[in-house]
Amino acid sequence: MSANSMAFGFIALNIAILVFVALFVAAKLHSISFRTLVYLFYPFMSQTVKTYLYAGLAVLFWSTVATSFKLALREYDFIQLIFYVSAVTVVLLFFVLVAQRKTHLIFRQTKREWWYSLLMGAFNPLLYYLVLFKAYSLLPAQVAQPLNMIWPITLALLSVPMLKQKISWISFVALLISFVGVFFISSQGGFDGFGNTNPLGVVLAVGSSVLWSLYWIFNVKDTRDQVVKLFLNFAIGMIYLVPVVALFSSFKVHWGEAFIASIYSGIFEVGITYVLWLKAMNLTSSNAKIGNLVFFAPFLSLVFIHLILKETIYFTTFIGLLFIVSGVLVQQLDRRKRR
């Protein structure tokens with residue numbers, strides 16, 4: 001990725017956010033609904049502007065979820081959190097399907113597709129988010145969030161045995177670069193910081209990237225509508241989660257900040273943000289350019305973590321994050337070159 005495309009992506013991301021805020025303020029000042037104002041301007045937007053608007057909003061929302069996870073985990077345990085986040089996601093995705101007039105597709109699944117959803121629901125949300133949220137409960141947000149980002153590299157490694165893809169030595173270099181980043185992030189400011197880092201949390205955060213990679217590989221083989229299969233995965237995952245919560249936690253609801261944070265996480269971790277991202281990917285002529293915007297999310301996330309959670313952001317976090325992102329970019333550039 002060139003410096004020019006990186007700069008363009010950053011500018012486009014900020015423009016998308018500013019457009020969203022400007023429209024919202026204009027709607028308030030003129031006493032008209034925000035939706036009406038968007039409908040007035042939307043037809044005149046170019047496809048490129050629409051693409052970056054959707055992608056920019058998705059990146060913005062994703063950059064806030066690490067903070068919302070930690071806020072919710074102040075009162076909920078990690079099992080309760082994934083249950084309530086999944087419940088919100090299921091309800092939201094159902095309304096998305098209603099809006100898209102795709103609810104009939106839910107009941108048009110073959111026997112094989114139902115079995116596939118049973119498997120995928122076990123990976124996501126059950127296993128993936130249980131592991132990820134447990135990691136967040138053991139680590140500071142600025143540590144847990146970047147460690148989960150190495151999944152593109154674990155995906156490349158797992159694609160060798162599972163998708164019969166070839167792997168080059170550059171991918172191993174990318175893995176090494178990213179794990180240097182893991183080392184820096186785990187240090188939390190220096191060698192003394194290792195004593196404050198929970199080893200199990202680090203293992204779980206890195207392990208969540210492996211689970212997500214497996215989920216992605218299985219998902220590639222599933223050609224159904226993206227929103228439909230995601231809805232089924234989470235709906236079936238909810239069935240799995242009910243006995244897990246009953247046996248190992250409770251269904252107690254903590255009203256207040258944690259409740260709002262769990263609702264927010266359900267909406268913006270998977271629900272509406274995933275739909276916005278799909279919309280951007282469907283509109284763009286270059287998935288690579290739009291995909292690169294994701295790398296702004298972890299850096300923007302540190303701002304929210306500092307301002308809202310009041311975590312002191314260590315310089316080693318920035319260094320480690322740069323190594324992880326560099327490793328992922330090296331791996332992706334190698335993949336595109338081999339194509």
Side-chain angles (χ1 to χ4, degrees), residues 61-62 64-99 103 106-107 109 114-141 144-145 148 198 200-201 203-205 207-208 211-212 214-215 218-219 227-275 304-305 308-309:
F61 293 146
W62 271 326
T64 64
V65 293
T67 300
S68 67
F69 291 164
K70 291 297 288 188
L71 288 174
L73 286 167
R74 289 177 177 177
E75 295 185 49
Y76 290 108
D77 64 42
F78 71 102
I79 297 175
Q80 290 172 318
L81 180 57
I82 182 53
F83 178 79
Y84 291 120
V85 167
S86 296
V88 172
T89 301
V90 169
V91 173
L92 181 64
L93 289 177
F94 178 77
F95 280 113
V96 171
L97 289 174
V98 171
T103 51
I106 298 173
F107 307 101
Q109 309 298 308
W114 279 115
W115 279 108
Y116 218 82
S117 290
L118 288 171
L119 171 66
M120 299 300 280
F123 269 101
N124 181 33
L126 183 64
L127 291 176
Y128 173 68
Y129 279 107
L130 283 177
V131 171
L132 181 64
F133 285 171
K134 181 61 177 178
Y136 267 93
S137 71
L138 297 173
L139 298 169
Q145 191 259 6
N148 178 247
N198 188 297
L200 176 60
V203 171
L204 290 174
S208 68
L211 289 174
W212 184 255
L214 289 171
Y215 174 77
F218 290 131
N219 197 48
V227 180
V228 171
K229 64 183 179 183
L230 189 64
F231 168 78
L232 288 173
N233 293 347
F234 270 82
I236 291 171
M238 282 291 297
I239 298 173
Y240 294 146
L241 282 164
V242 169
V244 173
V245 176
L247 290 172
F248 302 104
S249 184
S250 72
F251 293 97
K252 184 178 180 180
V253 177
H254 300 277
W255 305 104
E257 182 182 82
F259 178 74
I260 295 172
S262 64
I263 299 297
Y264 182 94
S265 298
I267 295 173
F268 294 108
E269 162 66 357
V270 178
I272 195 66
T273 311
Y274 184 78
V275 176
F304 293 110
I305 289 170
I308 298 175
L309 298 179

- State, to 0.1 Å, how close Asp77 and Leu73 come at their nearest heavy-atom pair, and which atoms those are. C-CD2, 4.0 Å
- Task: Determine the minimum heavy-atom distance between Gln80 and Glu75, stating which atoms define it.
- Result: OE1-O, 4.4 Å
- Aromatic plane relationship, Phe133 with Tyr136 - under 30° parallel, 30 to 60° tilted, over 60° perpendicular: perpendicular
- Query: OG/Ser137 to CG/Leu132 distance, rounded to the nearest 0.5 angstrom?
  - Reply: 10.0 Å
- Task: Drop me the distance from Ile263's CD1 to Tyr84's OH, to the nearest 0.5 angstrom.
- Result: 10.0 Å
- Query: Are Glu269 and Trp62 close enough that some pair of their side-chain heavy atoms sits under 4.5 Å apart?
  - Reply: yes
Listed pairs under 3.5 Å, donor-acceptor, residues 88-97 side chains, sequence neighbours left out:
{"unit_1": "Thr89", "atom_1": "OG1", "unit_2": "Val85", "atom_2": "O", "d": "2.8"}
{"unit_1": "Thr89", "atom_1": "OG1", "unit_2": "Gly266", "atom_2": "O", "d": "3.1"}

- How close do Ile305 and Ala66 get, heavy atom to heavy atom, and via which atoms? CD1-CB, 4.4 Å
- In Å, rounded to the nearest 0.5 Å, how long is the span from CG of Leu81 to NE2 of His254? 11.0 Å
- Task: Let me know which of Trp212, Trp115, Phe123 forms a ring pair (Phe, Tyr, Trp, His ring centres under 6.0 Å) with Phe218.
- Result: Phe123
- Task: To the nearest 0.5 Å, tell me how far Asn148 CG sits from Leu204 CG.
- Result: 11.5 Å
- What distance do Leu214 atom CG and Met120 atom CE have between them, rounded to the nearest 0.5 Å? 10.0 Å
List, one per line, each side-chain donor-acceptor pair under 3.5 Å for residues 232-244, sequence neighbours excluded.
{"unit_1": "Asn233", "atom_1": "ND2", "unit_2": "Tyr215", "atom_2": "OH", "d": "3.1"}
{"unit_1": "Asn233", "atom_1": "ND2", "unit_2": "Lys229", "atom_2": "O", "d": "3.2"}
{"unit_1": "Tyr240", "atom_1": "OH", "unit_2": "Leu118", "atom_2": "O", "d": "2.7"}

- Task: Start with the C-alpha distance between Tyr76 and Phe83, add both sets of side-chain angles, then the distance that settles ring-ring contact (aromatic ring centres under 6.0 Å, His included), and finish with yes or no.
- Result: CA-CA 10 Å; Tyr76 290 108; Phe83 178 79; over 10 Å; no
- Ala72 and Ser262: which non-hydrogen atoms are nearest, and at how many Å? CB-N, 4.0 Å
- Task: Might you point out which heavy atoms bring Ala261 and Ser68 nearest each other, and give the distance in Å?
- Result: CB-O, 3.5 Å
- Item | Side-chain touch Phe69/Tyr264, heavy atoms, less than 4.5 angstrom | no
- Find the distance between CG (Leu309) and OG1 (Thr67) and round it off to the nearest 0.5 Å. 4.5 Å
- Residue pair Lys70 / Pro140: nearest heavy atoms and the distance that separates them: NZ-CA, 4.4 Å
